[in-house]
Structure formats: C-alpha cells, structure tokens
Amino acid sequence: MQGEGISVDADGTPSGSDDRRRRGPVVAALMLAMALAALDSTIVSTAIPQIVGDLGGFSVFSWLFSGYLLAVTVTLPIYGKLSDTFGRKPVLIAGSILFLLGSALCAVAWNMGALIAFRVVQGLGGGALQGTVQTLAADLYPLKERPKIQAKLSTVWATSSIAGPALGGLIAAYADWRWIFLINLPIGAVALWLIVRHLHEPQRAAVTRGRVDWAGALTVFACGGVLLTALVQGGVAWGWLSPRSLALFAGGLLLAGAVVVIERRAAEPIIPGWVWRRRTIAAVNLALGALGLLMVAPTVFLPTYAQSVLGLAPIAAGFVLSVMTLSWPVSAALSQHVYRRLGFRDTALIGIGGAALFLFAFPLLPYPGQAWQPALIMLLLGAALGLFQLPLIVGVQSTVGWSERGTATASILFCRQIGQTLGAALFGAIANGVLTSRLGGAGSLDSVAHALENPASVADPERLRRAVDSAVDTVYVGAGCAAVLALLVLAFLAPRRFPVIGVRGPEGGEAGAPENGEVGALENGEAGAPEKALENGENSGPTPLERPVNRSAE
C-alpha cells in the first residue's frame with residue numbers, strides 16, 4: 001500500500017519525485033473536502049422556506065447557520081493541535097466521518113431542534129476539514145509551489161460559494177430538501193477513500209506526540225461557544241444589554257481566564273503561547289482577523305443593496321457579489337510572482353492597501369447607479385484580497401516546521417472566523433442604527449428583508465432605498481477602516497521578511513530556499529523560532545525574499 005500513494009516525510013514534504021507525480025489523488029481529495037465545507041456554508045440558505053414549512057421552528061431557524069459556525073470556529077485550534085500531535089491523516093479521516101455522520105443525521109431530522117443539533121455535529125467535522133486541508137496543502141507542496149494548490153483551493157471555495165445557493169434552490173424546488181444533506185455522502189465517501197488509499201504519513205514516535213491537553217480543549221470549546229453565542233445572537237434574539245447577553249459575556253470572560261490558566265500549566269497546550277509571542281504569526285492572525293471583519297460588508301450587505309437600491313432580481317444580485325470570487329483565486333495564483341520579488345509582507349501590504357481604497361470608493365458610487373459599478377468594485381476588491389490573503393497564509397506556513405504547522409494554520413483560520421463573527425455583530429448593529437435613524441425609528445435589516453419579499457407592503461419605497469443606500473455605505477466605510485487596521489498591523493508589527501524554514505523538498509533541495517540569490521532575515525528567538533535579526537533591524541536592506549532556516553530539531 002505504501003508504494004501506491006504519496007508518502008510524506010517527517011518534515012511534512014513529499015518524499016521523492018515519484019510521489020510528486022502521484023499526489024494528484026490526494027489533491028483531488030483535498031479539493032472535494034474543501035468543496036464539502038464551502039458548499040455547506042451556502043447551500044442550506046435557499047432551502048430555508050421548505051425546511052421551515054416541513055419542520056416548523058421559524059423562530060430558531062437562524063441556529064442552522066449559527067450552530068454550524070460556532071462548531072467550526074471553536075474546533076479549529078483543537079484540530080490544529082491534534083493534527084500536529086497525531087498527524088494530518090487521522091484527524092482528516094475522523095473529521096470527514098463526523099461530517100458525513102452529521103449530514104446523514106440532518107437528512108433524517110424530525111424537527112427543527114434535531115436538525116440544529118445535527119448541524120452542530122456537521123460543524124464539529126467541518127472544523128477538521130477546513131483546518132487540516134489547508135495544513136496538508138502546505139505539507140504536500142514546497143514553498144515555490146504552494147500558490148498552485150492554494151489557488152486550486154480558492155477556486156473550489158469560490159465556485160462552491162456561487163454554486164451553493166443555486167444548487168440548494170434547485171434541490172428545494174425539484175426534490176426534497178433532505179437531499180441537500182444526502183448529496184454530501186457520495187462526495188465525502190470519495191474524498192475519504194482517496195485519503196485512506198493514497199496519503200501515507202510516517203509513524204511518529206510516541207515520545208514526540210506528548211499528551212493531549214483535553215482539559216484545555218474542553219475549556220477552549222466552552223469559552224468559544226459561549227462568547228460566539230453572545231456575539232451571534234446579541235442584538236438579534238435578545239438585546240445587547242439584556243440579562244442574557246450580559247450573563248453570556250461574563251461567563252465567556254471567566255472561561256477565557258480559565259483557558260489562560262490551564263494552557264499555561266499544560267505540557268502540550270491546545271493554544272500554545274508561541275502563536276502570539278512570534279511577531280510573524282501574531283501579526284498575520286490580527287491582519288486576517290481584520291479580513292474576516294471587512295468581508296462581512298460584501299458577503300452580507302451587498303446582495304441587499306443590489307436588490308433594494310439597484311432593483312435587481314436575486315440571481316442578478318448574486319452575480320454582483322460573485323465577480324469578487326472570480327478575481328480572488330486568479331490574483332492569489334499570480335501573487336507568487338509578486339512575493340518572490342517583494343516578500344510576503346510587502347505583497348500583502350499592496351493587496352490590503354488596494355482593498356481599503358476600493359472599499360472607501362463604494363460610498364462614492366452614484367445613487368441609484370447601475371449594476372456594473374458595484375460589480376467593478378467587487379472585481380477589484382477580489383483581486384486585491386487575493387494578493388493580500390494568500391501570501392500571508394503561505395508565509396506563516398513556511399515559518400514553522402511540520403510539528404507546528406497545523407497549530408499555526410488553525411490559528412489564522414480561527415482568527416479570520418472570529419473576525420467574521422465580530423463583523424456580523426458590529427456591522428449589523430451599525431446598519432440597523434442607520435436604518436432606524438433614516439426611517440424614523442421603524443427600520444431594521446429584518447424590515448428590509450420583509451420589504452424585498454413583499455414590495456407592495458412598503459409605503460415609501462424611495463425612502464427605504466435611500467435608507468438602505470446610506471446603511472450599506474456606512475458599513476463599507478467601516479470595512480475600509482478594518483482594511484486600514486490590517487495595513488497598520490502588517491506595517492508596524494509584522495517583520496519585513498518572514499523567517500522561512502528550510503525543509504527537504506520533492507527534488508531533494510530545500511523547499512523553502514529562495515531563488516536567484518534572494519536573502520532575508522530572522523526574528524525573535526522564542527519557542528524554537530530563530531527570530532532575532534529583524535527585531536534589531538539587521539539585514540533590513542532591499543533584499544526581496546525570506547531566507548530559509550533549517551531547524552533539524554524538528
């Protein structure tokens with residue numbers, strides 16, 4: 001069996017040129033797994049009327065999304081640490097099985113409460129899919145080739161984001177809504193078979209595995225669940241200053257304190273301190289948290305703007321947003337040509353600087369305008385964000401060895417998810433405030449959604465259109481501020497060049513080795529990361545890419 005698949009050395013890279021040719025099945029499995037995670041975030045939305053009509057529970061249906069989101073987010077750091085401890089393959093297999101089990105249970109749900117509970121089970125598996133797929137992608141490809149696999153994964157995510165609502169609508173219209181979950185089973189089964197059959201990781205000595213910090217894992221899960229519940233439901237199911245919100249925030253802060261105490265004492269903490277002590281990883285975590293924050297503006301508010309202000313049908317409104325997902329993977333694939341010359345940080349600065357300009361340009365659009373105008377801004381925004389996100393992910397994954405890569409990858413995905421949750425709560429409150437002010441105390445996002453479904457119920461359509469225009473403009477200004485925050489974090493906290501770890505690549509050379517004589521610098525010295533020179537401003541000349549560092553201890 002070993003010779004029939006792709007083998008991965010102890011440092012996490014493919015073991016030879018033959019394996020390089022045979023990693024196609026594993027890449028196919030990763031793309032299928034990513035498609036499952038991406039589709040599940042969007043495909044359910046268009047079938048909500050049919051689900052509610054069959055099962056009832058209209059007052060709590062939002063938990064179909066919130067429960068899944070909570071489970072994915074709070075399990076990301078746990079799965080990251082487990083993949084560093086036990087290997088990627090067992091974690092990905094366990095997560096896939098859990099996801100498929102949740103899908104099968106969702107298909108046989110007998111009421112809304114059961115469906116919500118089974119969606120949480122799906123989310124527990126989805127956290128493993130998202131984090132481990134990204135980590136394995138870095139394991140399988142050396143630094144110079146990682147943009148290829150990342151571009152493929154970005155394309156899968158973008159295509160799934162576009163196809164999900166349409167596919168969900170077709171299934172809801174021409175079949176039973178339960179098929180939305182049943183179609184996961186054959187796709188997931190193929191991905192699972194490919195991973196079991198073709199991915200081979202070396203046996204790691206028990207002494208290097210250490211003990212699993214189960215107390216920390218449970219506390220992290222509880223803390224994240226409580227705080228994210230407060231953020232997701234606050235201002236929606238109950239008021240921000242209601243006793244329920246205050247109790248949840250207080251409980252979350254107490255649990256956060258417990259997490260700090262437990263993780264400091266743990267021999268192998270789920271969230272190790274080096275994630276925040278190393279400048280590179282800490283800065284990228286904060287920057288991608290800001291990315292999650294700003295992404296709420298286009299993904300949540302742009303479709304409402306396109307329908308209520310521009311008067312577009314839902315499908316046309318979706319196209320205005322979808323152009324961003326077309327330019328994003330193309331820009332991400334081409335970003336390697338930029339960061340090989342400028343370095344990871346400077347490439348990301350260019351991307352987020354452009355994103356800030358495009359976000360601030362949105363409020364300058366004429367009222368009511370034409371559909372191509374916001375579509376053009378979304379096209380440019382996607383290109384800018386592809387140039388921003390991928391170099392940071394590849395850069396962080398290249399600064400750590402195999403035994404830390406899962407934790408590092410999970411930390412940046414976790415921060416991005418937290419940013420999205422914070423953004424939904426923050427910008428939702430801002431938009432509701434603007435609508436309330438413009439509509440004389442009688443407006444909210446819920447009232448706008450109702451107006452879109454029942455246009456005849458609106459007494460003054462023009463007033464509503466202008467109110468929505470003002471609300472979305474304000475949200476885009478807030479998103480632009482989030483982009484500026486990310487820019488400042490990278491400019492002042494991130495090192496100019498990331499300390500790339502040199503590991504054995506598939507051709508026998510160093511996977512992280514720069515080309516054409518490019519050199520770089522190192523940072524501080526915590527937790528095994530040789531990071532001293534940049535702190536003191538050494539080697540800060542115009543050399544373009546990071547220097548590889550061999551860490552044989554790993």
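Please read these numbers as outputs of a predicted model, since none were measured by experiment.
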Practice prompt. Of all the heavy-atom pairs spanning L30 and A137, show the shortest one and how long it is.
Written response: CD1-N, 4.1 Å
Worksheet entry | Approximate separation, where rounding is to 0.5 Å, of L100 CG and L182 CG | 11.5 Å
Worksheet item: Above 12 or not: heavy atoms from other molecules or residues under 6.0 Å from CH2 of W214?
Response: no
Discussion item. Please report the interatomic distance CD(Q122) to CZ(F99), rounded to the nearest 0.5 Å.
Written reply: 4.5 Å
Practice prompt. Any chance you could lay out the side chain to side chain contact (heavy atoms under 4.5 Å, CB included) test for I352 and V484, step after step, and finish with the verdict?
Written response: CA-CA 8 Å; I352 197 62; V484 171; over 6 Å; no
Fill in: F221 side chain near L124 side chain, heavy-atom distance below 4.5 Å
yes
Worksheet item: What distance separates F118 CZ from L105 CG, expressed to the nearest 0.5 Å?
Response: 4.5 Å
Fill in: side chain to side chain donor-acceptor pair (under 3.5 Å) against Q134, all qualifying residues, sequence neighbours excluded
Q150
Practice prompt. Apply the test side chain to side chain contact (heavy atoms under 4.5 Å, CB included) to residues W402 and R88: give CA-CA distance (whole Å), side-chain angles for both, the deciding distance (0.1 Å), then the verdict.
Written response: CA-CA 10 Å; W402 188 97; R88 325 299 188 209; 3.5 Å; yes
Item to complete: For the pair R405 and D139, find out whether any cationic side-chain nitrogen is under 4.0 Å from an anionic carboxylate oxygen.
Response: yes
Worksheet item: Does Y305 have any ring pair (Phe, Tyr, Trp, His ring centres under 6.0 Å) partners at least two apart in sequence or in another chain, and if so, which?
Response: F362
Discussion item. Can you tell me how far apart CG (L435) and OG1 (T474) are? Round to the nearest 0.5 Å.
Written reply: 9.0 Å
Discussion item. I'd like to check T421 versus L70 (side-chain heavy atoms, cut-off strictly below 4.5 Å). Are they in contact?
Written reply: no
Practice prompt. Identify which one of T347, L392, L387, I350 satisfies the side-chain contact (heavy atoms from CB on, under 4.5 Å) criterion when paired with Y339.
Written response: T347
Worksheet item: Which atom pair, heavy atoms only, marks the closest approach of G382 to M324?
Response: CA-CG, 3.5 Å
Item to complete: Please examine the side chains of L385 and L294, heavy atoms only from C-beta on, and report whether any two atoms are closer than 4.5 Å.
Response: yes
Practice prompt. Find out whether the Lys NZ or Arg CZ of R278 is both under 6.0 angstrom from the six-membered ring centre of W274 and within 45° of the ring's axis.
Written response: yes
Worksheet item: So how far is it from R279 CZ to T399 OG1, rounded to the nearest 0.5 Å?
Response: 12.5 Å
Discussion item. If you define the side chain from C-beta out and look only at heavy atoms, does anything of Q397 sit under 4.5 Å from I412?
Written reply: no
Fill in: Worked check of side chain to side chain contact (heavy atoms under 4.5 Å, CB included) between L302 and Y476
CA-CA 10 Å; L302 185 62; Y476 267 81; 3.8 Å; yes
Practice prompt. Kindly say whether L129 contributes a backbone atom to a donor-acceptor pair with the side chain of T132 at under 3.5 angstrom?
Written response: no
Worksheet item: For the residue pair E263 and G216, what are the closest heavy atoms and their distance?
Response: OE1-CA, 3.4 Å
Fill in: side-chain hydrogen bond (donor to acceptor under 3.5 Å, both in side chains) contacts touching residues 410-419 (sequence neighbours left out)
T73-Q417, N285-S411, Q389-R416
Practice prompt. Report the distance from atom CG of L218 to atom SG of C223, rounding to the nearest 0.5 Å.
Written response: 13.0 Å
Fill in: Heavy-atom check, side chain of L98 versus side chain of V121, under 4.5 Å
yes
Worksheet item: Given E404 and K81, is the side chain to side chain contact (heavy atoms under 4.5 Å, CB included) satisfied, shown in steps?
Response: CA-CA 8 Å; E404 295 177 340; K81 182 61 179 179; over 6 Å; no
Fill in: Nearest non-hydrogen partners of A29 and L194, listed with the distance
CB-CB, 3.6 Å
Fill in: Main-chain N/O of L379 paired with S327 side-chain donor or acceptor, under 3.5 Å
yes
Practice prompt. Report yes if the side chains of W276 and L286 come closer than 4.5 Å at any heavy-atom pair, otherwise no.
Written response: yes
Fill in: Heavy-atom side-chain proximity of L140 to V26 below 4.5 angstrom
yes
Worksheet item: Can you find a heavy atom in the side chain of T407 that is under 4.5 Å from one in the side chain of P77?
Response: no
